[in-house]
Every structure is written in C-alpha cells, then in structure tokens.
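Remarks on the structure that follows.
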Amino acid sequence: MLTPRRIEIFKAIVDEYIRTAEPVGSKTLQQKYKLPYSSATIRNDMQVLEEMGYLEKTHTSSGRIPSTAGYKFYCENLLKDSNIDKKMEVAIRSAFDASNLNVQEAVEQSCQILSEMTNMTTGAVGPDSSSQRLEHIKLFPIDDQNAVAVFITNTGHTETKNFHFERAISIKDIETCTDVLNQRLKDVPVSQLVRRMEELKPELGQVVEQHDVLFTAFVQAFVKFASENVYFSGKDKMLYQPEFEDISKLKKLMSVLDDTSKWKELNNSEHAVTVTTSKGAELTWVNDVAIVRSTFHVNKDEKGQLMVVGPSRMNYERVVSMLDYVAQMIEDMYRSGGDGKKK
C-alpha cells in the first residue's frame with residue numbers, strides 16, 4: 001500500500017529523475033533529499049513501488065525511474081497548481097504586447113516562445129473550421145507567380161494561405177477569379193467548398209484565362225482549410241533529449257508529429273494514458289512521449305489547443321503553468337475584436 005513515507009520517497013525519485021535523467025538510487029535520496037530513513041528502508045520501499053507499477057528498474061543501473069503509471073499518479077495527486085514564474089510571465093506578455101498579431105500569428109508565436117522556454121517541441125491544433133461558412137476571400141498578388149489568400153468565415157475566423165503558381169498569372173485573372181468565388185461561394189460551409197469549386201469550374205473557364213492554375217490553387221487551399229490546422233515549432237528540440245538518442249525511436253516520433261490525424265484522435269489511442277488537471281490541462285502519455293495540452297476558446301462553439309511534446313521526464317508543474325498562461329492570452333486575443341487584431 002501507499003504510505004506517506006513511500007509517497008515521499010516516490011516524489012523525490014520523480015523530481016530527481018526529471019532533473020537529471022539518471023536512474024535514482026537510495027544513496028542519492030538520502031544525500032540530496034535528506035530523507036530520515038535507512039538505505040535498507042528506502043530500498044525496500046522502492047521495491048514495493050516497483051511492484052505496484054509506479055517505478056521501473058533499468059537494465060544499466062540499480063536505480064529506479066518512474067513508469068507511465070507513476071507519472072500519472074504523480075500528476076493526479078502530487079502536482080501543485082502553481083502560477084507561472086514572474087520572469088517568464090513578463091517575457092511572454094512583452095512578446096505579445098510588442099507585436100500587432102492576428103490570432104494565427106499569435107498561436108504560431110506562442111508555440112515558438114514555449115519551445116524556447118521549455119526546450120521541447122510545441123504545437124497547436126487550431127479551431128475546426130469545417131462547420132463554418134465562408135464569408136469572404138481576399139487575394140493579394142505579390143508578383144506574377146505568388147499571392148497571399150485570406151479566407152474569412154462567418155464567425156470572423158481568418159485563415160491565410162500562400163499561393164505559388166506554376167506559371168505567371170495576370171492581376172486581371174486573379175481579380176476576376178476572386179470576384180466569381182466571392183459571389184458564388186459566400187455562405188457555403190467550408191466542408192463543401194471543394195465540391196462547389198468543381199461545379200464552378202466551367203464558369204471560371206469562360207471568364208478567367210488562366211483558370212486551371214487558379215482552380216488548382218484554390219482547391220488545394222480549401223482542402224487544407226477544411227481540416228484542422230496543426231502547427232509545430234522546435235521539432236529539433238527532440239534531438240537533445242537523452243530519451244530519443246535511439247534513432248529508430250526518434251524517427252517514429254517525427255512521423256507522428258507529421259501525421260495531423262494522430263493529434264485529432266490522441267485520446268482514442270489504445271496506448272494513451274490521460275490525466276486532466278484541476279485547471280483543465282490534459283496530460284497524455286503514449287509510449288515514451290508525454291503531451292501536455294491546454295485548450296483556448298474562440299467562441300462558445302470553437303476551440304483550439306496548445307501543446308508541449310517531450311519525453312515523459314518533463315517538469316510538469318512548470319510546463320502546465322506556462323501552457324495555461326499562454327492559452328489564456330490567446331483566448332483573450334480572440335475576444336478582443338472581430339478583425340483578429342489586438343485592441
């Protein structure tokens with residue numbers, strides 16, 4: 001059974017392993033954590049904790065490391081609700097205050113900030129736009145082969161896509177195509193845009209000279225627009241984690257990061273173990289990977305998630321507090337005005 005002494009020993013092991021990435025032995029616990037118990041008592045309790053499934057013994061050391069079940073217990077019962085460090089709060093807030101960001105830019109910048117501060121991979125799953133309706137399209141030519149398209153929905157949600165055309169496109173064709181799409185696709189659900197584009201292809205062919213190039217560009221953009229937007233920053237951070245020195249394990253993780261469907265169905269994975277904190281952050285473990293997620297709300301119907309992805313050995317208290325803080329800042333920006341800019 002879990003006694004107060006065993007819980008004290010277990011917490012010390014988790015804290016030490018998170019800090020050092022080295023298996024923890026009884027002598028380390030006695031010396032560094034000043035535990036008032038004999039080495040024999042500590043070793044016996046470590047054996048019990050291992051039998052209970054909270055600790056694991058490595059092949060290379062007599063010390064123990066936390067198991068997935070151990071991390072779950074730690075985060076459910078021993079994780080403190082703490083406020084973000086004041087220096088980090090000032091740094092994050094100043095990064096937002098110094099820029100006039102739209103929400104998409106704010107989410108991406110948040111990922112970059114979190115990646116630098118946690119030294120881990122961070123990501124965001126944007127709001128699902130498939131149920132929204134297209135309100136307006138704006139297409140801004142950069143040169144004769146590049147343009148930026150802005151899609152605006154009925155909820156005020158904005159998506160920006162970069163277009164690169166295979167051959168030169170005239171400004172007249174771009175303007176005519178955009179006018180036709182705005183007339184014919186207004187109020188069409190985002191999930192139906194590709195099908196409606198197919199119906200409009202003959203009409204575009206009559207009025208737009210380079211209609212085939214523009215048609216392909218818009219169809220590709222609508223396909224991406226209708227799916228959840230997943231963004232990652234700091235994928236290279238995984239290279240510096242000792243847990244991922246195994247190249248085959250690292251390659252497997254990278255393939256998961258690139259598969260957006262995995263993040264939509266994360267909690268349904270048969271290998272996933274999930275805990276929800278008192279403030280609503282979700283902590284999920286899949287094999288040797290930990291994912292901490294915090295939700296931000298766009299409105300009553302739409303939401304997105306920020307996440308930190310790293311080894312199971314992470315400073316959960318620090319990561320959760322930072323993630324919750326940044327998610328709240330993004331949520332405040334969504335509420336600041338309809339054009340997506342800060343007020």
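We count residues from 1, following the sequence as given.
Here the straight-line distance linking atom CG of L139 with atom SG of C177 works out to 7.5 Å at 0.5 Å rounding. Distance check, rounded to the nearest 0.5 Å: NZ of K87 to CE of M117 gives 12.0 Å. Of the inter-residue distances, the one linking M52 atom CE with S67 atom OG reads 10.5 Å to the nearest 0.5 angstrom. With rounding to the nearest 0.5 angstrom, the CZ atom of F151 is 4.5 Å from the CZ atom of F222. Going from atom OG1 of T295 over to atom CD of E331 covers 9.0 Å, rounded to the nearest 0.5 Å. Of the inter-residue distances, the one linking I84 atom CD1 with E89 atom CD reads 6.5 Å to the nearest 0.5 angstrom.
Nearest heavy atoms, P66 versus V14: CG-CG2, 3.8 Å. Closest approach of P141 to A147, counting heavy atoms only: CA-CB, 4.0 Å. For the residue pair I137 and T178, the shortest heavy atom distance occurs at O-CG2, 3.6 Å. Looking at every heavy atom in both residues, A290 comes nearest to P311 through CB-O, 3.7 Å. Nearest approach of F244 to G310, heavy atoms of both residues: CE1-C, 4.4 Å.
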Requested in this report: Apply side chain to side chain contact (heavy atoms under 4.5 Å, CB included) to the pair M314 and T118, showing each step before the final yes or no.
Outcome: CA-CA 9 Å; M314 72 166 67; T118 62; over 6 Å; no

Report task. Show the numbers, then the answer: is there a salt bridge (Lys or Arg N to Asp or Glu O under 4.0 Å) between K57 and E50? Result -> CA-CA 8 Å; K57 198 170 186 177; E50 183 181 349; 5.6 Å; no

Query raised in the report: Which is it for V148 and I142 under the side chain to side chain contact (heavy atoms under 4.5 Å, CB included) test, yes or no, and what are the steps along the way?
Result: CA-CA 7 Å; V148 175; I142 298 174; 3.5 Å; yes

Report task. Might you work through the side chain to side chain contact (heavy atoms under 4.5 Å, CB included) test for W285 and V275, ending with a clear yes or no? Result -> CA-CA 9 Å; W285 296 269; V275 167; 3.8 Å; yes

**Report entry** Stepwise side chain to side chain contact (heavy atoms under 4.5 Å, CB included) check, V48 with L2
**Finding:** CA-CA 9 Å; V48 172; L2 276 174; over 6 Å; no

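For residues 142-152, there are no salt bridge (charged side-chain N to carboxylate O under 4.0 Å, His left out) pairs, not counting sequence neighbours. Identified under the salt bridge (charged side-chain N to carboxylate O under 4.0 Å, His left out) test for residues 20-36, with sequence neighbours left out: E16-K32. The list of salt bridge (charged side-chain N to carboxylate O under 4.0 Å, His left out) pairs with a residue in residues 308-329, not counting sequence neighbours, reads E243-R313.
Remark: the backbone N or O of G234 is paired with a side-chain donor or acceptor of T121 at under 3.5 angstrom. Here the side chain of Q145 pairs a donor or acceptor atom with the backbone of F165 at under 3.5 angstrom. Under a 3.5 Å cut-off, the side chain of T122 and the backbone N or O of V308 do not form any donor-acceptor pair. A donor-acceptor pair is defined here as one N or O able to donate and one able to accept, closer than 3.5 Å; no such pair exists between the side chain of T176 and the backbone of V208. Although no hydrogens or angles enter the test, the distance criterion places no donor-acceptor pair under 3.5 Å between the side chain of S115 and the main chain of C111.
Residues E135 and K186 meet the side-chain proximity criterion, which asks for heavy atoms closer than 4.5 Å. Using a 4.5 Å heavy-atom cutoff, the side chains of F10 and L78 are in contact. Between V107 and F296, the closest side-chain pair of non-hydrogen atoms falls below 4.5 Å. In this structure, S39 and Q30 have side chains that are in contact, with non-hydrogen atoms separated by less than 4.5 Å. The shortest side-chain heavy-atom distance between M197 and L185 falls under the 4.5 Å cut-off. Annotation: side chain of Y325 is not in contact with side chain of N83 (no heavy-atom distance under 4.5 Å). Residues I113 and M322 fail the side-chain proximity criterion, which asks for heavy atoms closer than 4.5 Å. Considering only heavy atoms from C-beta on, T277 comes within 4.5 Å of L283 through its side chain.
When only modelled atom types and interatomic distance are considered, E108 and Q112 share no side-chain donor-acceptor pair under 3.5 Å. For the residue pair E282 / T274, no side-chain donor-acceptor distance below 3.5 Å is found, with atom types taken as modelled. With 3.5 Å as the limit, one finds no donor-acceptor pair spanning the side chains of Q183 and D179.
Partners of Y37 under the side-chain contact (heavy atoms from CB on, under 4.5 Å) rule, at least two apart in sequence or in another chain, are R5, E8, I9, L35, T41, I42. With sequence neighbours excluded, the residues that form a salt bridge (charged side-chain N to carboxylate O under 4.0 Å, His left out) with K11 are D15. Residues meeting the salt bridge (charged side-chain N to carboxylate O under 4.0 Å, His left out) test with K201, sequence neighbours left out: none. Applying the side chain to side chain donor-acceptor pair (under 3.5 Å) criterion to E203, with sequence neighbours excluded, gives R184. Not counting sequence neighbours, the partners of E76 by the side chain to side chain donor-acceptor pair (under 3.5 Å) test are K72. A search for side chain to side chain donor-acceptor pair (under 3.5 Å) contacts involving S26 returns nothing, not counting sequence neighbours. Qualifying side-chain contact (heavy atoms from CB on, under 4.5 Å) partners for D236, counting only residues two or more places apart in sequence or in other chains: L239, Y240. In this structure Y17 satisfies the side chain to side chain donor-acceptor pair (under 3.5 Å) test with no other residue, sequence neighbours excluded. Not counting sequence neighbours, K172 has no partner by the salt bridge (charged side-chain N to carboxylate O under 4.0 Å, His left out) test.
By the criterion of side-chain heavy atoms lying less than 4.5 angstrom apart, applied directly or through intervening Ile, Leu, Val, Met, Phe, Trp or Tyr residues, F218 is not grouped with I171; the two fall into different hydrophobic clusters. At a threshold of 4.5 Å between side-chain heavy atoms, the hydrophobic network of Ile, Leu, Val, Met, Phe, Trp and Tyr places V219 and L193 in one connected group.
A salt bridge links R6 with D45: at least one charged nitrogen is closer than 4.0 Å to a carboxylate oxygen.
Only one option out of I65, L29, T28 pairs with I13 in a side chain to side chain contact (heavy atoms under 4.5 Å, CB included); it is L29.
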